[in-house]
S.K.: 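Shown below is the structure under consideration.
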Amino acid sequence: MSSHKGKQRIVEEEEYPNNGDEDNYAEVIEQKSNQQILSQQVKWNDYRKAEVISGESLELLKAYDGKSPEAQADLIEEAPERYAELFLQLLSFTQGGVANTDVIQHVLAWIDEILKDEDKASIFLRCKEPFNPFLDVLRPSSDWFINSRASRILAQLLAADSEVHAPHAHSLQLWCITYLRDHKDSVGDLISAIHALTLLFRKAEYRQSFGQSEGLRVLHNLLKSNMRSQQMIYKVLFCMWVLSFETEVAEAFADEQGLIEDLVEILRLFQKEKIRRMAIALLKNLLVVNKAGGRSGGRENRGKMVEAGISRVLGYLNNKKWGDVDIEEDLAILTEELGKDLVKMTSWEVYYKEIKSGNLGWTPVHKTEKFWRENVHRFEDNNREVLGILLGLIRSSKSSLVKSVALYDIGEFCRFHPKGRKIIGELEGKNEIMLMIGTDPEVSKQALLCMQKMMVTNWEMLS
């Protein structure tokens, strides 16, 4: 990012994400607001009569409950430790051994309101056990409001503390991962858990531990299964973006099959500017360029981006007018860095090495027109060595992928070389190609395309 301001704007959008999206954030997320919960009366006097709470606790609660935010803030200022300890004690409040949902909701709403001033986290962190009360009320089947607020508050406290609390953070991450996996049909539940993770990831140590778990796979699955929800896509991208500031985690994106390809597809498909901005910022981080401008890693990420056809997407996006300097600068970095990779990945040397290995795949070189225009005559070198290898792979390879790529390349040779069809005929390749029709579906498809390219004089006109 060019400046702290650009990063700050994204963070602010995460906190206030309802920017005219088709998904109404307030309706999707806030099934119940703090104000709705706090408008319901809790009969504190009855609990005192039953000797469930002390007289001192009753006085504190009666002084606080129902008062204006300003008056409540003054009370917290006067007796921070007493209120913090009382609220944490009330989270374990039970009647007959059963948790009292109304009381727990009420207390969580109070704490959530207090923590809107992030400096107030310290009053809870000074308590003896500031984390366990929130973990104890997190249950997959619990009330939505309790899960939403408890996970959010716990994440905020863990991130705010100067110390690292790995066991508590691991428990929260595990709960979020399980919750994200098991609540696929509820956008509100999913986004609550993602929001908690995003708050937790403010601390680098917790980003690292999440990256080493199955967390990336769970987030990737959310992307794939929620492509119709722009708000969900944005939230998951934001969470991934925060994770990507950790170099080891950023490099692990390449290990999650199909993830980078899906990120490129999101960049191509979605028109919403804030989604594109987040996708661009994330992909830029995945380049893993250090502060001095050098490359500290990310080679696998870069290769997958190029293979996914990001160059065409960037070409289109670079021609758009953006009102955001950060988008323009991130696009410039992506274009420059991946341009260098594309040149290397589409050289004749790289192609020749792949052909000689016999292990063909859909690497960028095969589908780059510039490569074919500049190198098509080199296929005649060494007594047409490369063409001979390609035809040999069609005959003998047991891999459908290898056969498909070899057929595609022969078709491209015929398309770009003025005498391509004649040369393949001289090598008796036409019969080999025709034998592939009717075999494996992908091989058959590429064989038919190859035959079409051999027969059509002006392929561009047909396209």
Side-chain angles (χ1 to χ4, degrees), residues 180 194 211 214-230 232-244 247-272 275-289 295 297-318 330-331 333-346 350-351 354 359-369 371 399-402 404-405 408-409 441-442 445-446:
L180 291 171
I194 294 170
E214 61 174 319
L216 270 182
R217 180 170 300 119
V218 172
L219 292 177
H220 183 202
N221 288 336
L222 283 178
L223 277 183
K224 291 189 291 186
S225 59
N226 289 276
M227 291 296 279
R228 293 184 179 181
S229 171
Q230 294 192 53
M232 176 65 78
I233 293 294
Y234 176 79
K235 284 283 184 176
V236 176
L237 289 177
F238 186 91
C239 191
M240 288 182 171
W241 174 73
V242 177
L243 279 171
S244 69
T247 299
E248 290 182 8
V249 180
E251 292 179 338
F253 273 65
D255 298 330
E256 171 57 27
Q257 187 175 5
L259 174 53
I260 289 178
E261 291 85 345
D262 286 338
L263 293 175
V264 174
E265 186 69 358
I266 285 170
L267 186 58
R268 185 182 71 84
L269 288 177
F270 283 86
Q271 302 296 315
K272 200 75 177 175
I275 291 178
R276 278 186 165 165
R277 176 171 62 250
M278 190 54 61
I280 291 167
L282 170 57
L283 288 166
K284 190 265 291 184
N285 278 6
L286 297 184
L287 296 176
V288 194
V289 179
R295 300 183 180 199
R299 184 174 62 86
E300 294 295 325
N301 290 347
R302 294 162 179 266
K304 287 180 179 289
M305 287 183 212
V306 173
E307 288 174 22
I310 195 172
S311 299
R312 286 188 178 183
V313 181
L314 292 177
Y316 165 72
L317 295 176
N318 277 315
D330 285 350
L331 276 174
I333 293 171
L334 276 168
T335 303
E336 180 183 357
E337 291 294 326
L338 293 176
K340 297 173 186 175
D341 290 299
L342 186 60
V343 169
K344 292 178 181 177
M345 295 170 73
T346 58
V350 168
Y351 179 77
E354 183 182 349
N359 186 24
L360 308 189
W362 291 117
T363 53
V365 67
H366 300 281
K367 295 190 176 183
T368 304
E369 287 204 6
F371 166 81
S399 166
S400 297
L401 174 61
V402 171
S404 297
V405 176
Y408 179 87
D409 284 4
E442 182 60 25
K445 172 187 169 184
Q446 292 301 332

S.K.: Could you pull out the closest heavy-atom pair between R276 and F270, with the gap in Å?
M.R.: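 Smallest heavy-atom distance, with atoms named: NE-O, 2.7 Å.
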
S.K.: Partners of S404 by side-chain hydrogen bond (donor to acceptor under 3.5 Å, both in side chains), sequence neighbours excluded?
M.R.: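 For S404, no residue satisfies side-chain hydrogen bond (donor to acceptor under 3.5 Å, both in side chains) once neighbours in sequence are set aside.
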
S.K.: When you measure from the centre of the six-membered ring of Y408, is the NZ or CZ of K367 under 6.0 Å away and within 45° of the axis?
M.R.: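 Yes, cation above the ring, under 6.0 Å and within 45°.
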
S.K.: Flag the pair F238 / I194 as yes when at least one side-chain heavy-atom distance between them is below 4.5 Å, and no otherwise.
M.R.: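 The answer is no, as the side chains (C-beta and beyond) never meet within the 4.5 Å cut-off.
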
S.K.: I'd like to check the side chain to side chain contact (heavy atoms under 4.5 Å, CB included) partners of S311; sequence neighbours left out, ordered by chain and number.
M.R.: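 Testing S311 for side chain to side chain contact (heavy atoms under 4.5 Å, CB included), a comparison that skips the adjacent residues, returns L342.
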
S.K.: Please identify each residue that fulfils salt bridge (charged side-chain N to carboxylate O under 4.0 Å, His left out) with E265, with sequence neighbours left out.
M.R.: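 With neighbours one apart ignored, the set is R268.
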
S.K.: Can a donor-acceptor pair be found, under 3.5 Å and without considering hydrogens, that links the side chain of S399 to the backbone of V402?
M.R.: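 Pair found, side chain donor or acceptor close to backbone of V402.
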
S.K.: Should K304 and E307 count as an ion pair when the cut-off is N to O under 4.0 Å?
M.R.: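 So K304 does not pair with E307 through a salt bridge.
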
S.K.: Would you say E442 has more than 12 foreign heavy atoms packed within less than 6.0 Å of its CD?
M.R.: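 For E442, atom CD is crowded (more than 12 foreign heavy atoms under 6.0 Å).
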
S.K.: If the condition is side chain to side chain contact (heavy atoms under 4.5 Å, CB included), which residues does V405 pass it with, not counting sequence neighbours?
M.R.: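 In terms of side chain to side chain contact (heavy atoms under 4.5 Å, CB included), with neighbours along the sequence ignored, V405 is linked to L360, W362, H366, L401, D409.
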
S.K.: Taking atom CG of L317 and atom CD1 of I310, what is their separation to the nearest 0.5 Å?
M.R.: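 Nearest 0.5 Å value for the CG-CD1 distance: 8.5 Å.
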
S.K.: Going by distance alone, is a donor N or O of one side chain under 3.5 Å from an acceptor N or O of the other, for T363 and E354?
M.R.: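 Short answer, yes.
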
S.K.: Would you please name every residue forming a side chain to side chain contact (heavy atoms under 4.5 Å, CB included) with E256, sequence neighbours left out?
M.R.: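 Expected list: R217, H220, L259.
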
S.K.: Might you point out which heavy atoms bring L216 and V249 nearest each other, and give the distance in Å?
M.R.: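 Heavy-atom minimum between the residues: CD1-O, 4.3 Å.
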
S.K.: With side chains defined as the heavy atoms from C-beta onward, is the minimum distance between L223 and M240 less than 4.5 Å?
M.R.: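 Result yes, sub-4.5 Å side-chain heavy-atom pair found.
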
S.K.: Identify the heavy atoms of S244 and A250 that sit nearest to each other, and give their distance.
M.R.: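 Smallest interatomic distance, heavy atoms only, reads O-CB, 3.5 Å.
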
S.K.: Applying side chain to side chain contact (heavy atoms under 4.5 Å, CB included), name anything that partners N318, two or more places apart in sequence or on another chain.
M.R.: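 N318 satisfies side chain to side chain contact (heavy atoms under 4.5 Å, CB included) with L314, L331, T335 only.
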
S.K.: Return the CZ to CG distance between F253 and D255, rounded to the nearest 0.5 Å.
M.R.: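 Going from the CZ atom of F253 to the CG atom of D255 covers 11.0 Å.
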
S.K.: Can you list everything that forms a salt bridge (charged side-chain N to carboxylate O under 4.0 Å, His left out) with E214? Sequence neighbours excluded, please.
M.R.: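 E214: salt bridge (charged side-chain N to carboxylate O under 4.0 Å, His left out) contacts with R181.
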
S.K.: Which residues pass the salt bridge (charged side-chain N to carboxylate O under 4.0 Å, His left out) test with R312, not counting sequence neighbours?
M.R.: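 Not a single residue meets the salt bridge (charged side-chain N to carboxylate O under 4.0 Å, His left out) criterion with R312.
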
S.K.: For residues L219 and C239, report the shortest heavy-atom separation together with the two atoms involved.
M.R.: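 Looking at all heavy atoms of both residues, the closest pair is CD1-SG, 4.1 Å.
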
S.K.: Has the side chain of R302 got a donor or acceptor atom that lies under 3.5 Å from a matching backbone atom of L338?
M.R.: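 Checked: no pair found.
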
S.K.: With a 4.5 Å limit on heavy-atom distance, are the side chains of I233 and M278 in contact?
M.R.: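 Sidechains of M278 and I233: no contact.
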
S.K.: If you take all heavy atoms of L283 and M305, which pair is closest and at what distance?
M.R.: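 Reported closest heavy-atom pair: O-CE, 3.4 Å.
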
S.K.: Working note: L267 + I275, criterion side-chain contact (heavy atoms from CB on, under 4.5 Å); need CA distance, chi angles, decisive distance, verdict.
M.R.: CA-CA 8 Å; L267 186 58; I275 291 178; over 6 Å; no

S.K.: What are the two closest heavy atoms between V306 and P364, and how far apart are they?
M.R.: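 Here V306 and P364 meet closest at CG1-CG, 3.2 Å.
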
S.K.: One pair to check against side-chain contact (heavy atoms from CB on, under 4.5 Å): I280 and R277. What are the steps and the verdict?
M.R.: CA-CA 5 Å; I280 291 167; R277 176 171 62 250; 5.9 Å; no

S.K.: Is the side chain of N301 donor-acceptor paired with the backbone N or O of L286 at a distance under 3.5 Å, no angle test?
M.R.: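 Looks like yes, one N/O pair under 3.5 Å.
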
